[in-house]
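Below: the structure, in structure tokens.
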Amino acid sequence: MVNSELAEISDFIKDIPPFDNLSAEGIGQLVKSIHIEYVRPGHVMPPDEEAHLYILRKGALAYFNHDNELLSKYSEGDMCSVFLFPDDAASIRVEVEEDTLLYAIPKDLLMTAIEESTEATGFFRQTAAQRLQNRMQKHNEGAVISSTLSNALVADFYHGPAATVDSGDSIQVTAMRMNELGYSCMVVTEAGNMVGIVTDKDIRRRCVAIGLDIHAPVAEIMTTDVVTLDVNQSAYDALITMTSSRAHHLPVTDAGELTGVVTVTDMLNQEGDNAINLVHLIRKAKSIEELVRLSAMLPRLQIRMARLGTLAEHAGKSISAITTALTKRLIQLAEADLGSAPVPYAWLAAGSQARQEQFAHSDQDNAIIIHDDMQPEDDAWFKALAKFVNDGLHACGFVYCPGDVMASNDKWRQTKSVWHQYFSQWVDTPKPKALLYSSIFFDLATIHGDASLLGEVRERMLSKTVTNTLFIAHLSRNALSFKPPLGFFRDFVLVESGDNEKALDLKHNGITPIVDLARIYALQEGVSAVNTVERLKQVAGTPSLTQASARNLIDAFEFLGHLRLVHQADLLQAGKEPSNFMNPKSISKLEREHLKDAFKVIKTLQSNRQVTY
Amino acid sequence: MIAQVLPKALLSMDKRRRLCLLKAPAGSAMHDYLSTPLPNKDATIARTNILSLDFETTGLNVNNDQLLSIGCVDMSHGKIKLASGYHQVIRTHGNLCKTNVAIHQITDAEKEQGAELQHAIDDLLRLMAGKVLLVHYAKIERNFLTQACKRIYGFVPPFLMIDTLAIIKRRLDKSDMPYDPSKLRLVNQRSSFGLPSYHAHNALKDAIATAELLQAELQTHHKGLSTKLRKLL
């Protein structure tokens with residue numbers, strides 16, 4: 001049989017995705033449909049009239065757009081599939097850069113040969129964005145299977161029905177029912193409606209300890225401002241709600257109706273050695289030393305999440321929830337030492353922690369916003385707090401911010417009015433320095449204290465950004481300076497300047513451009529969310545961004561985040577500092593294809609932006 | 001009758017083919033080959049059907065050695081059509097010598113499964129119909145094909161042959177630069193054009209390798225596919 005004589009060509013073809021999905025028969029059929037062509041620099045591509053796929057056996061091709069901008073380069077083992085799609089081909093010019101030996105496969109024969117594989121047929125029927133979406137869909141499905149917590153819904157682990165008492169029932173009756181049921185928490189109702197929640201701790205602190213009559217109505221000791229969860233929220237939402245409200249019990253509602261309760265224990269049972277467990281331990285820590293010891297578990301947790309196939313979005317949220325817990329605990333320890341704050345304030349996280357996209361070993365970015373009633377002498381208290389928390393975070397592995405964006409810097413420890421002024425200045429007269437801060441301070445979240453302080457500042461800021469096109473224009477121009485590479489060429493990362501680099505900077509070349517785009521869309525549309533995926537979801541379908549583009553950016557963001565999570569887990573496991581620099585050789589050929597697809601998505605939206613501004 | 005007194009070389013190729021056709025048994029592969037017109041020498045390569053051919057033999061001496069395998073592939077419009085790839089091992093007589101087996105990697109067992117010489121040559125003649133042959137170093141293919149035709153049909157039909165080695169040699173000889181004759185070998189020529197390396201000494205692979213070499217040579221040193229066939233013979 002001729003096939004064995006063509007083994008070298010078969011071997012070459014079967015290593016190229018998506019042909020690695022084909023059987024030996026499929027490959028054999030494909031090889032037989034090849035004709036070999038030789039093209040030289042100056043030749044017009046394609047050499048055939050009918051639609052063909054070209055596989056580069058040797059040599060190099062370059063793609064250009066209408067503006068003569070280099071889009072990407074292809075070399076040995078790459079495919080030139082653009083001529084399979086007449087619409088794509090119309091917008092791209094392909095030049096022969098070196099003497100090139102091509103394996104040409106007519107489209108109809110290609111489709112017949114790969115018929116057996118849905119992966120392969122899917123590959124050639126889709127654009128870059130569609131392929132990436134498929135890749136992420138598969139990844140998401142994998143995450144559901146491999147990780148329990150990351151995709152579990154509250155519905156999966158709450159227990160119901162909720163044990164209730166009437167608000168008129170006595171404290172003693174309540175305690176007896178709790179004994180009976182073995183519950184540490186009861187929901188208090190009035191005419192069937194939830195009005196509060198009462199726990200073991202409430203009975204101890206608000207009744208027994210102060211000698212309140214045990215026959216008094218339970219309404220007297222219940223907590224009334226109850227945060228609830230919906231059954232359709234994820235376990236991560238539950239984790240974050242528990243962290244921020246510092247509640248160990250949360251009533252669960254289904255379509256607004258009380259159906260049960262979720263406790264910290266439920267979540268701990270859900271997954272043993274996990275983020276919630278760590279958050280729980282952090283909350284109980286008595287000293288900085290203990291917090292330092294607990295923080296040392298973060299890298300391990302990150303490795304575990306990467307290995308479990310956790311979505312980067314969820315990993316970022318978990319790590320951020322831990323940093324948040326750590327920060328809160330440090331503030332509590334400081335307050336225990338310094339006494340309570342002279343005026344209301346809020347501790348703010350900036351940058352990746354605020355966006356809930358933080359990974360282990362990040363540096364810290366934070367600030368304090370203080371009530372306008374503050375007197376000059378009050379600053380000593382806040383300064384001491386800032387120093388304690390900044391030092392504590394540093395000791396826990398979140399090193400001092402190299403740009404000194406920390407609450408210990410006088411500039412970033414100011415009253416609400418000053419923060420109003422800051423934002424007015426940045427938005428009204430966008431100077432380079434202001435734009436530099438924008439990536440940090442337009443992503444803020446309240447970690448501790450009075451959330452209304454930041455709420456007001458943000459509201460006023462957003463009302464300015466939606467109307468200030470000059471600011472958005474400056475911000476856009478600034479954001480476009482981080483560009484994705486064109487792709488890979490041989491073993492190099494191909495960059496626009498023409499200098500090729502050995503390693504790919506996942507953060508600056510991939511993740512940052514998406515974060516920046518999402519921020520611009522959010523500021524333009526007055527969206528207050530700070531999490532990148534959340535921002536993209538909320539601006540989807542507005543004049544700033546179509547639904548489809550939002551979907552594509554989210555897929556690209558998740559894919560890049562996933563690569564980074566796994567890459568850093570590899571480094572952490574090898575006992576190295578996690579970095580964002582990745583050698584493209586270290587990932588599979590297929591992943592490299594997906595990476596190229598992700599870059600294409602970013603480039604498309606960046607150039608849309610360039611056209612608009 | 002004039003034909004018999006004139007030296008063969010002076011007869012036009014068409015006439016020689018017509019004379020041979022008279023001797024070829026009707027319906028035979030030889031008859032098919034001779035009754036299909038060969039490509040016009042003034043046509044461009046783009047319009048010429050080419051059959052790239054390689055033989056593996058037990059040695060270089062046509063009188064003592066035997067044809068071991070035949071590999072060939074079509075090239076038309078300058079494109080090598082892998083679907084047309086043909087490879088046939090021939091059942092030779094006697095045992096193969098060890099050093100030889102190491103080169104072409106055809107074992108005695110495989111050889112025993114092979115086709116009779118006549119069967120393989122008839123396949124080849126049918127594939128050759130209407131095409132110019134392409135080889136690297138014409139001597140081997142020409143001598144062994146001549147020998148086989150003599151043995152089977154009792155006469156030798158004319159062949160049109162492009163020899164990449166001869167083409168490259170002519171080009172190199174024109175320049176004053178001395179060169180090592182080993183530079184002309186297929187594998188060395190391919191690497192000088194930056195063509196990928198193959199595992200050599202399989203007849204079909206070498207036929208493909210030779211066709212790729214012709215593509216590179218034409219595009220680099222001639223007028224590409226607009227080169228006239230005549231210039232290459």
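Sequence lines set the chain letters: A, B, ... in the order given, protein chains first and strands last, and positions in each chain run from 1. The model shown is predicted, which means the values in this text are computed figures rather than measured ones.
- For B/Arg47, the CZ atom counts as loosely surrounded, since its 6.0 Å shell holds 12 or fewer non-hydrogen atoms of other residues, nucleotides or ligands.
- In this structure, A/Leu101 CG and B/Ile80 CD1 are separated by 7.0 Å, a value rounded to the nearest 0.5 Å.
- Scanning residues 182-196 of chain B against chain A with a 4.5 Å non-hydrogen threshold yields B/Phe193, B/Gly194, B/Leu195, B/Pro196, sorted by number.
- In this structure, the portion of B/Ser197 lying under 4.5 Å from any heavy atom of chain A is its backbone and not its side chain.
- The interface of residues 33-41 of chain A with chain B, defined by heavy-atom distances below 4.5 Å, comprises A/Ile34, A/His35, A/Ile36, A/Glu37, A/Tyr38, A/Arg40.
- By the salt bridge (Lys or Arg N to Asp or Glu O under 4.0 Å) test, B/Asp176 pairs with no residue at all, sequence neighbours left out.
- Around atom NE2 of B/His77, no more than 12 heavy atoms belonging to other residues, nucleotides or ligands sit under 6.0 Å away.
- Interface residue A/Ile9: only side-chain heavy atoms are found under 4.5 Å from chain B.
- Listed by sequence position, B/Glu212, B/Gln215, B/Ala216, B/Gln219, B/Thr220 are the residues of residues 211-233 of chain B in contact with chain A, using a 4.5 angstrom heavy-atom cutoff.
- Proximity to chain B (any heavy atom under 4.5 Å) is shown, for A/Phe12, by neither the backbone nor the side chain.
- The neighbour count for A/Lys107 NZ, taken as heavy atoms of other residues, nucleotides or ligands under 6.0 Å away, is above 12.
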